[in-house]
There are 2 protein chains.
Amino acid sequence: MAPHANQPELTDDQLSRVAKALADPRRYEILKKLGTQPCATPCSHMRDAIDISPATLSHHMKELETAGLVRSEKDGKFVNYFLQHHILRAYLNRLKADLA
Amino acid sequence: MAPHANQPELTDDQLSRVAKALADPRRYEILKKLGTQPCATPCSHMRDAIDISPATLSHHMKELETAGLVRSEKDGKFVNYFLQHHILRAYLNRLKADLA
DNA sequence: TCGATATTTCGACAACCATCGAATTGATGT
DNA sequence: ACATCAATTCGATGGTTGTCGAAATATCGA
C-alpha cells in the first residue's frame, strides 16, 4: 500500500515535468505565491508581485498546468489558478521513496 | 527553530542547483542507484547500469557534487561517490515549508 | 619505464528553454 | 458596434545544457 492511499501515483513523464517545473526560480516564486492565497486573478496579481511580461507569465502557467501543479478556471475576462497540493505531495513522496 | 535543528539550511543558490540536478532523468537514475548502494567505484558501476559515455557521466557527477547531493572520495584509480542524504532532506523540507 | 585502465577536460554541436514585443483572441461595459 | 482590458499565441533571439569524441591526466601493475 502506498503511503497515502488515495493519492495518484506520478507517471515517469509527470515526475520529469514536475521536477523541471520546480527547477525554474520564477515558477517557484509563482507557486509560492499561489500557496499563500486562495488564488484569485493570477496574471494581474502575479505581475504585481513578480515583475514579468504577460507572455512569459502565460508560458510559465502553462508549464505548471501541464505538470499538474496548478489547475485553472476561467472567470470571464480573468483566469484563476489553484495550487494542486496533492500533486506536490505525490512528488515529495516519490522523492522520499526513491532517494531518501 | 528549524524542523531538523542540525541540518544546514539551503541557500537560494543551492535550492536552485538541487532542483535542476533532480530535473534531469539520467541524474535522477544515478542518484537512485547511489541510494541503494554503499557506493563503490561509481563510473565503472554506473556505466554498466546506465549506458552513458565517460565524459557525460563525469559531467553529471560534477553537477550533482556542486549541488551538494553527492560527495566524492578518491581511491587510487577510482572515485567513490556517496549520496548526501541530509541535503536531500533539507530540500524536501524546504519544498514542504514553501509550498505544501 | 611502459602499457593499460579510470576519470577528467576540452571543444563542438544540437536541442531545449526563458524571455519579450507584437499581433491576436476573447470578454466586458457603454 | 466599439473601445478597452485580460490573456494567449506567434516569432525571434540569446543563453543554457546534455551529449559525446578526442585528447589529456592520473594511477596502477608488470
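All chains are named by letter (A, B, ...) in the order of the sequence lines, taking the proteins before the strands, and each is independently numbered beginning at 1.
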Q: State whether a side-chain donor-acceptor pair under 3.5 Å links A/Thr66 with A/Lys62.
A: no
Q: Check every strand shown and say whether B/His60 touches a base, only sugar-phosphate, or nothing at a heavy-atom separation below 4.0 Å.
A: sugar-phosphate
Q) What nucleotide, of C/dA27, C/dA18, D/dT8, holds the atom closest to the side chain of A/Tyr81? A) D/dT8
Q) Quick one: salt bridge (charged side-chain N to carboxylate O under 4.0 Å, His left out) partners of A/Asp75, sequence neighbours excluded? A) none
Q) Can a side chain N or O of A/Thr56 be found less than 4.0 Å away from OP1 or OP2 on C/dT19? A) no
Q | Closest-nucleotide 5' rank along DNA chain C - winner of A/Lys20 and A/Gly76 | A | A/Lys20
Q.
So that I can tick it off, tell me whether A/Arg94 and A/Asp12 are bridged by a salt bridge, with the cut-off set at under 4.0 angstrom between side-chain N and carboxylate O.
A. yes
Q | Shortest non-hydrogen separation from A/Arg26 to A/Asp51 and the atoms involved | A | NH2-O, 3.0 Å
Q) Would you say a side-chain N or O of B/Lys74 is under 4.0 Å from OP1 or OP2 of D/dT27? A) yes
Q.
Minimum heavy-atom separation for A/Lys20 and A/Arg27, please, with both atom names.
A. O-NH2, 3.1 Å
**Q.** side-chain N/O B/Arg47 vs C/dA6 OP1/OP2, d < 4.0 Å
**A.** no
**Q.** Of the listed nucleotides D/dG18, D/dC5, D/dT8, the one nearest the side chain of B/His59
**A.** D/dG18
Q: Could you please name the option among D/dC20, C/dC20, C/dT8 that lies closest to any side-chain atom of B/Ser58?
A: C/dT8
Q. Taking for each residue the nucleotide of DNA chain C with the nearest heavy atom, is it A/Ala55 or A/Arg27 whose nucleotide lies nearer the 5' end?
A. A/Arg27
Q) The side chain of B/Lys77 lies closest to which of these nucleotides: C/dT5, D/dC10, C/dG26? A) C/dT5
Q) Rounded to whole angstrom units, what separation is found between the CE atom of A/Met61 and the C1' atom of C/dT19? A) 17 Å
Q: Using a cut-off of strictly less than 4.0 Å, decide whether A/Arg26 has a side-chain nitrogen or oxygen near OP1 or OP2 of C/dC20.
A: yes
Q) Closest to the B/Phe78 side chain: D/dC5, D/dG21, C/dT7? A) C/dT7
Q | Any A/Lys62 side-chain nitrogen or oxygen under 4.0 Å from OP1 or OP2 of D/dT9 | A | yes
